[in-house]
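Down below is the structure, laid out as structure tokens.
Note that the structure is predicted; figures quoted are calculated from it, not measured. Numbers restart at 1 for each chain; the letters A, B, ... are given by sequence-line order, proteins then strands.
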There are 2 protein chains.
Amino acid sequence: MTEITNNRFEHLLDLHHLKKTGPRLKVLAMMSAKNTATSQPDLEGLMEDVDRVTLYRILNVFEEKGIIHKIFDLNGTANYAICTSNCQEHHHHDEHLHFNCTVCNKVYCLNDLSLPAFNLPPGFKAEGFTLYASGTCPQCNKK
Amino acid sequence: MTEITNNRFEHLLDLHHLKKTGPRLKVLAMMSAKNTATSQPDLEGLMEDVDRVTLYRILNVFEEKGIIHKIFDLNGTANYAICTSNCQEHHHHDEHLHFNCTVCNKVYCLNDLSLPAFNLPPGFKAEGFTLYASGTCPQCNKK
DNA sequence: ATCACAAATGCAACTATGATGCATTTAATT
DNA sequence: AATTAAATGCATCATAGTTGCATTTGTGAT
Ligand SMILES: [Mn+2]
Ligand SMILES: [Mn+2]
Ligand SMILES: [Zn+2]
Ligand SMILES: [Zn+2]
């Protein structure tokens, strides 16, 4: 991780009036080092020295602020990824495809894929969408 | 619940070589009595006299057999609904829209809504899809 | 630099969901 | 009615997530 990257995270915390602390920067570093979402259990393993409760609180506040978004995988496990759409406090719009590999269980945020339009039955008013797909990912297809 | 409905459930269990037991028929009765999915906690409440573990095992075997499918709501809580597409053992295709109301938290299976087509990035091979939408449901919009 | 204080962390305890092993009961078949 | 595999119940455990409270720390003002 570069200086610049680290500064970017510090700036991000500043923006949201959050104190720049070790645990928070580490969460951002861990998550941004991967091209897939990170599961809560994995994250807990990576944050060895940090208390479990602290991690939960960091994840909650990051989600509230629109820094990260939560995705439940096929097993119902919480996964987290940094938001690329410019989400706001209490107003996410991560309306991209989430691909869950049935082999390695990784969750991919396919941000570039635009969701096709569709209509809801009368009476329903939609605010947010997510398209989930499951199958095998490029890595697992190679082998 | 009518005789005929009850017979339908008994037939369903027969089809999948499952014994026709009280707890199983009750789960089917409870779930089919509603026009929305049923959360595990709600179901546990409704099945007062039945052991928690038995309920989990019933839900698991029903899902395996393709009798019901599982939907995680916005809070990560498991919800269950009877399959209307003719799903097979270990081969579901409940590829419809799941609408999660942010007010009452109900999960609606909008079976009739066909999913629009879309393409995946190269390397990904999809097997199943689900479109999730969140917002306010007809009931909650009236009030 | 020091101070003051709100914010963040750590620790203990607790709740809820879900799984597993094993003894007991029961549905289905003979 | 007897047999047996399947299903249930009970005890126990594991993991995810929450809450209250004491302690520490980042930050902004002196
Ligand atoms: Mn995403
Ligand atoms: Mn459904
Ligand atoms: Zn994979
Ligand atoms: Zn509603």
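Side-chain contact check for Cys109(B) versus His98(B): some heavy-atom pair is nearer than 4.5 Å.
For the 3.5 Å distance criterion, the side chains of Asp94(A) and Ser85(A) qualify, holding a donor opposite an acceptor. There is no side-chain donor-acceptor pair under 3.5 Å between Asn100(A) and Ser134(A).
For the atom pair CZ of Arg52(A) and CG of Leu55(A), the computed distance is 9.0 Å after rounding to the nearest 0.5 Å. Atom-to-atom distance recorded for Leu28(A):CG and Ile82(A):CD1 is 5.5 Å, nearest 0.5 angstrom.
For the contact set between residues 50-66 of chain A and DNA chain C, defined by any heavy atom under 4.0 Å, the members are Val50(A), Asp51(A), Val53(A), Thr54(A), Arg57(A), Ile58(A).
A salt bridge links Asp49(B) with Lys26(B): at least one charged nitrogen is closer than 4.0 Å to a carboxylate oxygen.
Among the protein residues, Gln40(B) comes within range of the sugar-phosphate backbone only, with heavy atoms under 4.0 Å from sugar or phosphate atoms but none that close to a base.
Phe118(A) has its ring centre less than 6.0 Å from the ring centre of Phe129(A). Here Phe124(B) and Tyr108(A) bring their ring centres to under 6.0 angstrom of each other.
Along DNA chain D, the stretch of nucleotides lying under 4.0 Å from any heavy atom of chain A spans, 5' to 3', dA16(D) to dT27(D).
Comparing atom distances between the Thr21(B) side chain and each of dG18(C), dA8(C), dA27(C) picks out dA27(C) as nearest.
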